[in-house]
Amino acid sequence: MVRSLLVIPLLAAALGGIWLARGALQRWRDLRAAETYELAGDRWPMLLRAAGAMVCGVCVSGLTLLTALGAFGGLGHGDRQPERAEPAVDAAGAGGGAAAGPAAGAAARQQAAPPVAAGPAAAAATTPPAVVSRFDSVGHPGGGELLQSAVLGPDGRPRNVRVWLPPQYAKEPNARFPVVVMHAAAPSKTADAEVPDVFEGIGSALQSGKTRPFILVTPEAPNGTAHPCELVAAAPAAVADDATLRTTIAASFRTLPPGPASWGTLGVDGGAPCAAAAGLARPDLYGAAAAVSGRYDAAALTQTGAEAPAGSAAKLLLAAAKADAAGLDAARKLQASLKAGPGPAAKAEVRISDNVQDFTPDRERLRLVRQAAQFLAEALARAS
């Protein structure tokens, strides 16, 4: 009877110790990944889990010894009953430590990270994996705040993700904001490294008062090819969905629930095909897509649009400077191909912007980004 009573807390302590040890190991790996991106990781969650695992290990050792003694009759007398109760209490205490470890880790991240989303967005965050590391502020471009963190990618490996919060995010603490995901063209880089004036373009669009503020998310492009967005020529739908990114952003910031009413996608230059593919392949996830100064495989993207979920229609802006003859030609060919395509592809709403003209290419790109921001904000506002 004594052994049967001790086996339950023994198993509980052993399982709790394994769970905490795995958690500590995962946090240690996260810290190593964060150091790779020169991020400041929080060691407390790892230390708390390691301490909890050690407590569970002590409990397991004590309970194993008591179980062995009970098996040989050492605890078979009634006057030893109090000694039987002590390990059970210790095991319960260890269980409390197991619960306290994750709670303390979450509390530590909460202190450093922006407010966590509530309601549907928070419900989506329960889908693993969650935030890998806290988002740390790295600057204030475009009048907003830029943060970065290491977040698991579709392949399960950490990748750098930057998040730009508009000025209204700090000024309106109860407001929730739509999200635009911006695709990068170079491997192991975020889009803002390729288009450093993107925040200035969006910030100037917001200053006009005609654009609804949104959060801009720039995940690091994957490795494996010199031009990641070239994969759209073979399989455009491969870049269209990133569930881990959506749940992480929704759990870390005050966003509107992920979906076509509040999430859009953007690509500039080499990242434009990725944005077009995401918008055409998953209009049920991205309510609008803006592709700036891109070159497109019209046949592949039309096939992608034809295979989109039924009952949804993509909203796509193809923008290029007035002097960019090749870019405008690619945009018009894609528009014509989609219009003549089968199924959902023919239902896509495609706009072409060809009126931007300025003194330098940089100035033209700034104006094109501003135009794309206005299109996305307008389209998402209508959808919501």
Side-chain angles (χ1 to χ4, degrees), residues 27 29-45 105-106 108-117 129-153 157-173 177-207 213-223 228 242 244-255 265-269 271 362 365-366 369-370 373:
R27 290 300 305 180
R29 289 174 177 172
D30 292 345
L31 288 172
R32 292 293 300 273
E35 291 174 357
T36 302
Y37 298 105
E38 299 182 355
L39 302 178
D42 191 349
R43 297 180 180 275
W44 276 109
R109 288 196 300 267
Q110 177 66 21
Q111 291 174 0
V116 175
V131 177
V132 175
S133 179
R134 74 166 184 258
F135 284 84
D136 297 313
S137 180
V138 294
H140 295 80
E145 182 177 15
L146 183 63
L147 305 100
Q148 69 179 7
S149 180
V151 178
L152 292 181
R157 298 178 180 178
R159 39 77 187 272
N160 193 27
V161 173
R162 287 194 163 193
V163 177
W164 182 79
L165 303 177
Q168 292 81 358
Y169 191 90
K171 298 176 182 178
E172 304 173 14
F177 298 83
V179 176
V180 172
V181 179
M182 184 174 180
H183 298 273
S188 301
K189 286 188 176 182
T190 55
D192 62 293
E194 302 169 333
V195 191
D197 52 0
V198 62
F199 306 119
E200 305 301 329
I202 297 176
S204 63
L206 296 179
Q207 290 175 3
F214 57 79
I215 295 171
L216 184 69
V217 178
T218 62
E220 182 182 276
N223 287 310
D242 194 338
T244 302
L245 182 68
R246 290 199 306 276
T247 56
T248 298
I249 297 302
S252 303
F253 302 96
R254 300 194 313 273
T255 70
T265 181
L266 169 66
V268 178
D269 295 334
D362 289 342
R365 186 171 62 180
L366 184 67
V369 168
R370 184 189 310 159

Fill in: Arg370: partners by salt bridge (Lys or Arg N to Asp or Glu O under 4.0 Å), with sequence neighbours left out
none
Practice prompt. Quick one: closest heavy-atom pair of Ala191 and Ala184, and the distance?
Written response: N-CB, 3.6 Å
All N/O donor-acceptor pairs, side-chain side in residues 193-203, below 3.5 Å, sequence neighbours left out:
from: Glu194; atom 1: OE1; to: Ala185; atom 2: N; distance (Å): 2.9
from: Glu194; atom 1: OE2; to: Ala185; atom 2: N; distance (Å): 3.0
from: Glu194; atom 1: OE2; to: Ala186; atom 2: N; distance (Å): 2.5
from: Glu200; atom 1: OE2; to: Gly142; atom 2: N; distance (Å): 3.2

Practice prompt. Determine yes or no for a side-chain-to-main-chain donor-acceptor pair under 3.5 angstrom, with Thr247 supplying the side chain and Thr244 the backbone.
Written response: yes
Practice prompt. Calculate, to the nearest 0.5 Å, the distance between atoms CD and CD1 belonging to Gln168 and Ile215 respectively.
Written response: 11.0 Å
Practice prompt. Measure across Pro173 and Lys171 and return the closest heavy-atom pair with its distance rounded to 0.1 Å.
Written response: CD-O, 3.3 Å
Worksheet item: What's the spacing between Gln148 CD and Ser137 OG if we round to 0.5 Å?
Response: 9.5 Å
Worksheet item: Do Val181 and Pro219 have side chains that get closer than 4.5 Å, going by heavy atoms?
Response: yes
Worksheet item: So do Ser149 and Val161 actually touch side chain to side chain, heavy atoms under 4.5 Å?
Response: no
Item to complete: Could you tell me which non-hydrogen atom of Phe135 sits nearest to which non-hydrogen atom of Ile249, and how far apart they are?
Response: CZ-CD1, 4.2 Å
Item to complete: Determine, stepwise, if the pair Thr255 / Arg246 fulfils side chain to side chain contact (heavy atoms under 4.5 Å, CB included).
Response: CA-CA 10 Å; Thr255 70; Arg246 290 199 306 276; over 6 Å; no
Discussion item. Distance check, rounded to the nearest 0.5 Å: Asp192 atom CG versus Leu146 atom CG?
Written reply: 6.0 Å
Worksheet item: About how many Å separate CE of Met182 and OG1 of Thr190, when rounded to the nearest 0.5 Å?
Response: 9.0 Å
Practice prompt. Would you mind telling me which of Trp164, Phe214, Tyr169 makes a ring pair (Phe, Tyr, Trp, His ring centres under 6.0 Å) with Phe177?
Written response: Tyr169
Worksheet item: At what distance, to the nearest 0.5 angstrom, does CZ of Arg157 lie from CG of Leu152?
Response: 11.5 Å
Worksheet, complete the sentence: Interatomic distance, NE2@His183 vs CG@Asp269, rounded to 0.5 Å, equals 14.5 Å
